[in-house]
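What follows is a set of notes on a single structure, which appears directly below.
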Amino acid sequence: MATNPLAPDWLALPDDANALAAGLWPASAIRDDTGELAIGGCSAGSLAARFGTPLYVVDETEARTRAAELRTAFEAEFARIGTSVRIYYAGKAFLSTEFARWMVSEGLNIDICSGGELAVALAAGTPPHRLGFHGNNKSLAEIDDACRLGVGTIVIDSPLEIGRVAEAAARHGVVQAVRLRVNSGVHAHTHEFLATSHEDQKFGVVLEDAPALVARIRAEASLRFVGLHCHIGSQIFGADGFAESASRLLAVHAALLADGPVPELNLGGGFGIAYTSADRPTPVAELAARLADIVAAECAERGIPVPVIAFEPGRYIAGPAGITLYEVGTTKAVDVAGNPRLYVSVDGGMSDNARFALYGADYSVRLAGRVSAAEPVLVRIAGKHCESGDIVVDADYLPGDVAPGDLVAVAATGAYCWSLASNYNFVGRPAVVAVRDGQARLLVRGETIADLLARDAGVSTTDQPKESVR
């Protein structure tokens with residue numbers, strides 16, 4: 001069978017449209033004896049029957065293993081060059097109280113970006129000193145809470161925040177540790193909206209302004225400057241971008257040492273993962289070794305001690321640990337200039353995975369409830385929302401007999417899917433369940449229509465339905 005001309009160049013015609021490509025799915029993902037997809041020892045059908053669909057499924061062992069492997073690799077490589085590392089899990093990727101507990105128990109700190117994320121982390125029992133607080137527009141209340149509660153570090157994102165954080169810290173009688181976010185001018189080779197180190201953007205300050213701003217920070221008795229911070233983007237493969245960014249940052253870091261201590265340097269995160277079989281993410285051990293070598297060489301060249309290095313991975317840990325289950329509602333064959341495409345519409349869409357609509361993100365899909373010997377056909381997995389851009393998987397191959405009622409699974413949805421979910425078209429956000437050793441448990445309850453109506457001030461409580469479905 002020939003490759004469909006409508007398929008993107010990177011998408012190969014599979015020998016077996018049922019196969020689970022290595023690196024895309026949690027390590028526990030298998031086809032059981034009936035051909036059904038199982039994750040963490042739990043079958044897709046049993047999960048769908050118990051919790052409904054759409055359904056986010058997170059493999060706890062996968063998330064913990066990836067966190068531990070990353071921490072271990074980076075600790076070993078940076079110990080080799082005579083320093084230590086601090087790893088912050090970027091909570092914006094996915095955060096619930098139990099997930100936060102997993103990360104802390106695996107030795108990671110947690111990076112938060114809002115008062116809500118702060119509340120979740122604290123509700124999980126995270127020690128405040130293990131939190132880092134980001135954000136380009138932290139409210140006065142958020143800054144006050146962070147200082148009052150003893151958050152470990154606050155990342156100052158603009159000149160205005162120096163005074164705001166200093167005032168809050170003084171009010172609570174503390175000396176607040178802060179980092180200064182700078183833009184190194186290094187742009188990750190990803191979608192424009194994912195690259196966060198342009199000079200002309202909302203995050204951080206230009207590198208040339210750092211010395212003057214650090215002097216202002218050091219002049220505040222209630223602030224303690226611990227180092228620079230930079231984030232060059234997301235879904236980054238390789239180390240070249242980090243190398244150039246580190247070189248530029250360490251040049252300024254070295255200059256700042258003349259006027260006081262600079263114990264740390266935060267190089268951000270953005271380590272890429274595989275969303276499709278064409279993606280080739282850098283192995284974490286290789287990445288850790290390369291980054292350690294880069295930092296060591298740059299510090300040696302400048303004759304300065306190697307600082308403590310911080311990183312903030314999120315997607316790398318949460319992304320491959322999660323999948324999303326959907327039920328097929330309709331299928332529709334279309335002809336595009338003589339070439340076939342099968343639209344497969346599912347019971348979710350951009351309300352539970354906005355990433356294609358936001359920046360054309362690619363994903364991979366497989367039948368979850370069965371295997372099939374039917375010839376593979378090019379499919380587009382579409383959502384149920386009233387938008388032509390409501391696409392979950394733009395292009396992949398499924399067996400040609402995919403039909404209404406089938407379960408399908410989309411790989412690598414653990415990051416930035418639940419956290420970006422919405423109630424578009426008055427659809428409730430799906431539940432999140434954790435699986436491990438054949439057991440499934442709820443992490444986040446799914447929303448019902450009754451939940452949504454409960455927020456509508458125009459609805460009397462007596463008018464709300466006693467029972468409701470998604």
Side-chain ([X]) to main-chain ([Y]) donor-acceptor, under 3.5 angstrom:
X	Y	result
E117	C113	yes
E447	R429	yes
S419	A93	yes
T97	A124	no

**Study point:** Audit row: I143, F133, side-chain contact (heavy atoms from CB on, under 4.5 Å) steps and yes/no
**Key:** CA-CA 9 Å; I143 292 171; F133 203 139; over 6 Å; no

Minimum side-chain heavy-atom gap [X]-[Y] below 4.5 Å:
X	Y	answer
D279	F237	yes
L267	L265	yes
R380	V344	no
L11	D9	no
V58	I323	no
P263	V308	no
C299	P307	yes
P159	L213	yes

Looking only at heavy atoms, which two atoms of [X] and [Y] are closest? And how far apart?
X	Y	value
L291	A239	CD2-CB, 4.3 Å
V262	G227	CG1-CA, 3.8 Å
A321	E62	CA-CG, 3.7 Å
I112	A121	CG2-CB, 4.4 Å
G272	P281	O-CB, 3.4 Å
D157	K202	OD1-O, 3.5 Å

Check ion pair [X]-[Y] (N to O, under 4.0 angstrom):
X	Y	answer
K92	E312	no
R290	E286	no
E77	R80	yes
R171	E167	no
K138	D144	no

Give a yes or no on whether the ring-centroid distance for [X] and [Y] is below 6.0 angstrom.
X	Y	answer
F99	Y89	yes
F311	F74	yes
H134	H231	no
Y363	F356	no

Check your understanding: So with a 6.0 Å cut-off around CZ of R218, is the heavy-atom count from everything else above 12?
Key ->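 Result for CZ/R218: enclosed.
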
Any chance the side chains of [X] and [Y] put a donor and an acceptor closer than 3.5 Å?
X	Y	value
S105	R64	yes
D390	Y424	no
H229	E264	no
T276	D362	no
N109	H129	no

[atom1]/[X] to [atom2]/[Y] distance, rounded to the nearest 0.5 angstrom?
X	Y	atom1	atom2	result
S422	H385	OG	NE2	6.5 Å
L122	L131	CG	CG	6.0 Å
C417	N353	SG	CG	3.5 Å
T282	F271	OG1	CZ	9.5 Å
E244	S184	CD	OG	8.0 Å

Check your understanding: Between V435 and L47, does a side-chain contact (heavy atoms from CB on, under 4.5 Å) hold up when you go through it step by step?
Key -> CA-CA 9 Å; V435 293; L47 292 170; 4.0 Å; yes

Point to revise | Test side chain to side chain contact (heavy atoms under 4.5 Å, CB included) applied to Y326 and D352, I381, V365, the passing residue | key: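 Testing each of D352, I381, V365 against Y326, the sole residue satisfying side chain to side chain contact (heavy atoms under 4.5 Å, CB included) is D352.
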
Is NZ or CZ of [X] both nearer than 6.0 Å to the six-membered ring centre of [Y] and within 45° of the ring axis?
X	Y	value
R315	Y416	no
R355	Y275	yes
R179	F225	no

Exercise for review: Kindly determine whether N266 and V226 satisfy side-chain contact (heavy atoms from CB on, under 4.5 Å), including the steps that lead there.
Suggested key: CA-CA 10 Å; N266 191 319; V226 297; over 6 Å; no

Review point. What do the steps show when you test L108 against I110 for side-chain contact (heavy atoms from CB on, under 4.5 Å), and what is the final call?
Key: CA-CA 7 Å; L108 275 62; I110 298 180; 6.0 Å; no

